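Single-structure report; data block below.
Everything numeric in this text was worked out from a predicted model, so none of it was measured. Every heavy atom of this structure was used, including side-chain atoms; hydrogens, water molecules and symmetry mates were not.
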Amino acid sequence: RNLNATLVKKVEKKRSEVSVLKEDLTNTNKLMEETSRDREDMYESRIATLEQQLNMSKDRYARLEQECTERNSELVEKENELNEARNRDSEKDAKIENLYKQIEELEKQAEIRFEEGKKATKTMETRKLQELVAERATAANDYERRIKAMQEQLRHQADRHNADIEDTRRRNEKKLEAMKE
């Protein structure tokens with residue numbers, strides 16, 4: 001009996017310990033459930049916050065992406081404008097260079113024409129001088145012919161006068177002789 005009573009006490013003690021352990025286990029389970037619920041709530045809250053931050057980040061990323069797209073399109077426009085300006089400048093430079101070449105060519109042509117003009121002027125002056133010399137030579141020849149014609153005329157007149165003078169002298173001599181006699 002003693003042994004039985006001891007055993008019964010031990011069994012009751014063990015039952016009481018088991019019961020305390022069950023109660024502790026139940027309390028621990030409740031506590032774990034509460035902790036788990038709190039953690040779940042905390043995780044859900046944290047997930048909601050992170051999702052909200054993710055959505056804000058996505059919105060910000062979308063805005064930044066849109067800004068980048070707009071800026072890239074502006075950059076492309078500016079680059080196109082710059083390329084057009086460069087092309088216009090290149091065309092203007094080519095035109096200016098072409099004009100310089102044309103000016104040089106015109107200056108060369110003008111110089112050649114000037115030299116040709118100088119030669120033509122000299123040739124014309126020489127021709128005019130030759131014509132003038134020829135005219136003066138012709139005039140001088142005409143004067144010489146006239147002078148010779150006048151000299152011939154004078155000679156004829158002088159010969160006639162000389163003949164008349166000679167006749168007059170002979171008559172005068174005859175008259176003189178006749179008077180002397």
*For the side chain to side chain contact (heavy atoms under 4.5 Å, CB included) test, which of Leu25, Asn27, Leu31, Thr26 pairs with Asn29?*
Leu25
*Are any non-hydrogen side-chain atoms of Arg63 and Arg60 less than 4.5 angstrom apart?*
yes
*Qualifying residues under side chain to side chain donor-acceptor pair (under 3.5 Å), relative to Tyr61, sequence neighbours excluded*: Glu65
_Value rounded to 0.5 Å, distance of CG in Leu75 from CG in Leu82_ = 11.5 Å
*asked:* Nearest 0.5 Å, please: how far is CD in Glu91 from CD in Glu84?
replied: 10.5 Å
*asked:* Nearest 0.5 angstrom please: Glu23 CD to Thr28 OG1, how far?
replied: 10.5 Å
*Under a 4.0 Å N-O cut-off, is there an ion pair linking Lys30 with Glu34?*
no
*Between Lys101 and Glu97, is the closest basic N to carboxylate O distance under 4.0 Å?*
yes
*From Leu106 atom CG to Gln102 atom CD, the distance as rounded to the nearest 0.5 Å*: 7.0 Å
*Below 4.5 Å, heavy atoms only, C-beta onward: do Asp38 and Met42 meet side chain to side chain?*
no
*Would you call Arg86 and Asp89 a salt bridge, using N to O less than 4.0 angstrom?*
no
*asked:* Whether Arg169 and Glu173 form a salt bridge (side-chain N of Lys/Arg under 4.0 Å from carboxylate O of Asp/Glu) is what I want to check.
replied: yes
*If you measure from CG on Leu54 to OG1 on Thr49, what distance do you get to the nearest 0.5 Å?*
12.0 Å
*Does a salt bridge link Glu152 with Arg155, judged by any charged N lying under 4.0 Å from a carboxylate O?*
yes
*asked:* Return the CG to NZ distance between Asn87 and Lys92, rounded to the nearest 0.5 Å.
replied: 12.0 Å
_Let's go through Glu77 and Glu74 carefully: what are the C-alpha distance in whole Å and the side-chain angles of both, what is the deciding distance for side chain to side chain contact (heavy atoms under 4.5 Å, CB included) to 0.1 Å, and is it a yes or a no?_
CA-CA 5 Å; Glu77 284 180 31; Glu74 288 176 7; 5.5 Å; no
_Within 6.0 Å of CD in Glu67, more than 12 heavy atoms from elsewhere_ = yes
*Is a donor on one side and an acceptor on the other found under 3.5 Å between the side chain of Ser45 and the backbone of Asp41?*
no
*Under 6.0 Å from the CE atom of Met32, do we count more than 12 heavy atoms belonging to anything else shown?*
no
*asked:* I'd like to know whether Lys118 forms a salt bridge (Lys or Arg N to Asp or Glu O under 4.0 Å) with Glu115, so could you lay out the CA-CA distance, the side-chain angles of the two residues, the decisive distance to 0.1 Å, and finally the verdict.
replied: CA-CA 5 Å; Lys118 280 172 48 178; Glu115 291 300 321; 3.7 Å; yes
*asked:* Within the supplied structure, the quantity of interest is the number of heavy atoms (other residues, nucleotides, ligands) at a distance under 6.0 Å from Gln109 CD; does it exceed 12?
replied: yes
